[in-house]
Amino acid sequence: MPELPEVEIVKQSLKRKIKDKKIIKVVVRNRNLRFKLQSNFEKNLTNRIVNKIFRISKYLILIFDNHKYCIIHLGMSGTVHLINKSKKTKITNLSFYKSKILPKKHNHIEIIFSKFKIIYNDPRRFGFFKILNNKHEFKSYFNKLGPEALNDDFNIKYLKKNLKNKKKNIKNLLLDQKFVSGIGNIYANEILFYSKINPKKKAQKINYKEINQLLKFSKKVLNLAIKFGGSSIKDFKNTKGSMGEFQKKFKVYEKDNEKCPRKKCSGKIIKIFISNRSTFFCNSCQN
DNA sequence: CCGTTAACCTGAGAGC
DNA sequence: TGCTCTCAGGTTAACG
């Protein structure tokens with residue numbers, strides 16, 4: 001699920017449900033996520049009240065009443081499900097996989113509250129949960145991340161200063177979380193299309209006009225995706241408006257062989273691989 | 001220091 | 001039907 005907009009939607013949904021609620025019990029079925037789950041994980045969460053829940057780039061962060069932190073990363077295939085205890089109804093289903101029924105064998109963690117529970121499901125196990133003991137650990141954990149794409153410190157000054165010495169292509173740079181955090185493969189492709197920049201272009205050759213375009217569309221595309229509830233989210237209830245439909249707005253992602261969506265462009269969307277990641281762009285207007 | 005590649009995992013879909 | 005191969009929204013250790 002895991003680019004910034006999808007994680008934001010998960011956060012919003014969770015926040016409404018679990019803020020100020022007490023965790024009664026934690027059940028772990030498989031500790032072998034991307035990093036082995038800490039042995040004191042269950043103990044650290046049990047009987048804790050969730051005081052705060054927020055997001056940093058692609059990470060979810062919970063702060064408990066004892067001032068400890070739990071950070072969550074969804075990896076490639078991690079999904080969070082809220083299930084009401086009484087009716088056994090699934091009130092959210094943030095599902096990457098198209099199958100309606102979630103394979104139970106990948107329900108690795110259950111966090112149980114009094115009236116409902118949260119299930120973490122992750123077939124590929126690239127996601128992880130980690131307890132941080134205090135503010136210092138929290139700060140040092142996140143200081144390796146670059147500015148978040150939606151934040152004010154991802155700005156013209158930052159790009160002017162930091163693009164000129166980068167020899168790698170702009171697409172890889174947008175995916176580099178140490179350079180800018182929150183953007184993943186879908187939105188990197190989309191942002192470059194809107195900005196009319198070839199994904200193979202060397203970052204140091206990005207000119208001033210393109211810097212402005214990149215900034216403008218990074219923020220526009222991510223905000224629009226949040227507005228539409230992220231991409232590929234199904235059965236998403238308890239939210240306002242039409243949600244989880246941004247995949248219908250894709251301009252280039254998985255649109256190879258289609259005509260360029262720009263009316264005045266006669267180009268075609270082509271697919272290439274850049275560092276083993278699928279890359280989609282118009283062979284005419286993204287030069 | 002830099003940039004690229006391989007590796008971590010499972011499941012879906014294509015091709016034979 | 002079943003086998004093999006490729007690909008998937010992420011990150012990072014290891015390498016040149």
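Side chains included, hydrogens not; waters and symmetry mates left out as well; all remaining heavy atoms used. Chain A is the first sequence line, chain B the second, and so forth, proteins listed ahead of strands; every chain is numbered from 1.
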Under 4.0 angstrom between A:S278 side-chain N/O and C:dA8 OP1 or OP2: yes

Is any side-chain nitrogen or oxygen of A:H106 closer than 4.0 Å to OP1 or OP2 of B:dG11? yes

What's the [atom1]-[atom2] distance between [X] and [N], to the nearest Å?
{"X": "A:L173", "N": "B:dC2", "atom1": "CG", "atom2": "C1'", "value": "12 Å"}
{"X": "A:K168", "N": "B:dC1", "atom1": "NZ", "atom2": "P", "value": "14 Å"}
{"X": "A:N276", "N": "B:dA7", "atom1": "CG", "atom2": "P", "value": "11 Å"}
{"X": "A:N169", "N": "B:dT5", "atom1": "CG", "atom2": "P", "value": "11 Å"}
{"X": "A:K105", "N": "B:dC9", "atom1": "NZ", "atom2": "P", "value": "15 Å"}
{"X": "A:K200", "N": "B:dG3", "atom1": "NZ", "atom2": "C1'", "value": "18 Å"}
{"X": "A:N189", "N": "C:dC7", "atom1": "CG", "atom2": "P", "value": "15 Å"}
{"X": "A:N172", "N": "B:dT4", "atom1": "CG", "atom2": "P", "value": "6 Å"}

Base-pair string, DNA chain C, Watson-Crick plus G-U, cut-off 3.5 Å on both distances, | for inter-strand, is .|||||||.|||||||

Donor + acceptor pair across side chains of [X], [Y] (<3.5 Å):
{"X": "A:N283", "Y": "A:K268", "result": "no"}
{"X": "A:K171", "Y": "A:N185", "result": "yes"}
{"X": "A:Y187", "Y": "A:N189", "result": "no"}

A:F128 near the nucleic acid: base, sugar-phosphate alone, or nothing, with a heavy-atom cut-off under 4.0 Å? nothing

Using the benzene-type ring in the case of Trp, are the ring centres of A:F281 and A:F193 under 6.0 Å apart? no

Determine whether the aromatic ring centres of residues A:Y69 and A:Y141 are separated by less than 6.0 angstrom. no

List the steps and the verdict of salt bridge (charged side-chain N to carboxylate O under 4.0 Å, His left out) for A:K205 and A:E210. CA-CA 10 Å; A:K205 291 190 175 173; A:E210 290 168 328; over 6 Å; no

Assign each of A:K167 and A:R125 to its nearest nucleotide of DNA chain B by heavy atoms, then name whichever residue's nucleotide is nearer the 5' end. A:K167

Looking at A:K166, I'd like to know if its NZ atom is crowded, meaning that more than 12 non-hydrogen atoms belonging to other residues, nucleotides or ligands lie closer than 6.0 Å. yes

P gap between B:dC9 and C:dA14, integer Å: 15 Å

Apply side-chain hydrogen bond (donor to acceptor under 3.5 Å, both in side chains) to A:N287 and A:K196, showing your working. CA-CA 7 Å; A:N287 44 35; A:K196 295 186 181 178; over 6 Å; no

Spell out, yes or no, whether A:I112 and A:L82 are grouped together once hydrophobic residues are joined by side-chain heavy atoms under 4.5 Å, including indirect joins. no

Treating primed atoms plus P, OP1 and OP2 as sugar-phosphate and everything else as base, which nucleotides of nucleotides 10-16 of chain C get B, S or - for protein heavy atoms under 4.0 Å? BBS----

